[in-house]
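The structure appears below as structure tokens.
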Amino acid sequence: MNDKTLISKAFEAAEKAWAPYSGFRVGAAVLLEDGTVICGNNQENRAYPLGSCAERVAVNYARATCPNVRIVAIAIASPDSERPITPCGGCREVLAEAVRAQQGADIRVIMSDRSADEVREAMAADLLPWAFEFDGR
């Protein structure tokens, strides 16, 4: 699957976001190694800390339903952003955990502005170079 198609799926997911408080809709589309695409969108809550970002919804759903299939890429898009949308710090930690602890291979992060004219790409490990580590299992 090419990046434009994955970005398009992220935009489709954003249209279904529950964002009545901020009005800022975000969609994410996760591409798995087997070609499966899993989408998510932001889900706000009146108690703001209880909401979920699009990236976490998509990544956690992928990990819950396809735990043995590697995540290859994630596209993030918002029809409400003039700049390419980047993952928040919490989402960067979730991506880092998927890379380090679960699959051992990096994830391409594709970030788009609202028109898909400007697209940025990074590797998840580069977005959070000193991710949280805990060795005391």
Side-chain angles (χ1 to χ4, degrees):
M1 172 173 298
N2 66 39
D3 290 356
K4 287 187 182 222
T5 303
L6 199 61
I7 291 168
S8 176
K9 291 190 178 294
F11 275 116
E12 288 174 22
E15 293 298 330
K16 301 172 190 165
W18 176 251
Y21 308 108
S22 71
F24 192 74
R25 301 162 296 162
V26 180
V30 168
L31 175 64
L32 301 180
E33 190 171 42
D34 66 1
T36 301
V37 175
I38 294 175
C39 296
N41 47 42
N42 57 318
Q43 298 294 311
E44 293 182 350
N45 188 281
R46 286 180 197 178
Y48 265 40
L50 299 179
S52 296
C53 297
E55 301 92 302
R56 281 185 271 163
V57 169
V59 168
N60 288 335
Y61 187 72
R63 290 168 34 187
T65 58
C66 305
N68 299 317
V69 184
R70 187 172 75 83
I71 297 171
V72 176
I74 181 170
I76 308 160
S78 172
D80 305 317
S81 181
E82 293 181 21
R83 297 182 306 240
I85 183 129
T86 62
C88 73
C91 290
R92 291 174 193 218
E93 287 285 358
V94 168
L95 288 167
E97 177 77 5
V99 168
R100 262 191 342 272
Q102 293 184 310
Q103 65 184 36
D106 215 342
I107 298 169
R108 287 179 52 238
V109 182
I110 305 156
M111 302 157 279
S112 177
D113 68 348
R114 73 168 141 214
S115 61
D117 288 335
E118 185 179 353
V119 176
R120 295 181 188 161
E121 182 180 324
M123 299 307 287
D126 295 332
L127 292 176
L128 192 65
W130 296 294
F132 179 73
E133 295 278 346
F134 179 70
D135 294 330
R137 291 185 179 205

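- Residues satisfying the side-chain hydrogen bond (donor to acceptor under 3.5 Å, both in side chains) test with Asp34, not counting sequence neighbours, are Thr36.
- In this structure, the side-chain hydrogen bond (donor to acceptor under 3.5 Å, both in side chains) partners of Arg114, at least two apart in sequence or on a different chain, are Glu82.
- With sequence neighbours left out, the side chain to side chain contact (heavy atoms under 4.5 Å, CB included) criterion links Pro129 to no other residue.
- Every side chain to side chain contact (heavy atoms under 4.5 Å, CB included) that Arg92 has, sequence neighbours left out, goes to Thr86, Pro87, Leu127, Leu128.
- Contacts of Ala47 classified as side chain to side chain contact (heavy atoms under 4.5 Å, CB included), with partners at least two apart in sequence or in another chain: Asn45, Leu50.
- The side chain to side chain donor-acceptor pair (under 3.5 Å) analysis of residues 5-23, with sequence neighbours excluded, yields the pairs Asn2-Thr5, Glu15-Arg25, Tyr21-Arg46, Ser22-Glu44.
- Side-chain contact check for Met111 versus Ser81: every heavy-atom pair is 4.5 Å or farther apart.
- For Glu93, the side-chain hydrogen bond (donor to acceptor under 3.5 Å, both in side chains) test picks out no residue, with sequence neighbours left out.
- Taking CZ of Phe11 as the reference point, atom SG of Cys39 lies at 12.5 Å (rounded to 0.5 Å).
- Atom NZ in Lys4 sits 13.5 Å away from atom CG in Leu6 (nearest 0.5 Å).
- With sequence neighbours excluded, the residues satisfying salt bridge (charged side-chain N to carboxylate O under 4.0 Å, His left out) with Arg108 are Asp3, Glu121.
- Taking the side-chain hydrogen bond (donor to acceptor under 3.5 Å, both in side chains) definition, one finds that Asn42 meets it with nothing, sequence neighbours left out.
- Remark: the backbone N or O of Gly27 is not paired with any side-chain donor or acceptor of Asn41 at under 3.5 angstrom.
- In this structure, Ile76 and Glu55 have side chains that are in contact, with non-hydrogen atoms separated by less than 4.5 Å.
- Applying the side chain to side chain donor-acceptor pair (under 3.5 Å) rule to pairs touching residues 57-69 yields Arg63-Gln102, sequence neighbours excluded.
- Remark: Val30 pairs with Leu32, Ala58, Val59, Ala62, Ile71, Ile74 by the side chain to side chain contact (heavy atoms under 4.5 Å, CB included) rule, at least two apart or across chains.
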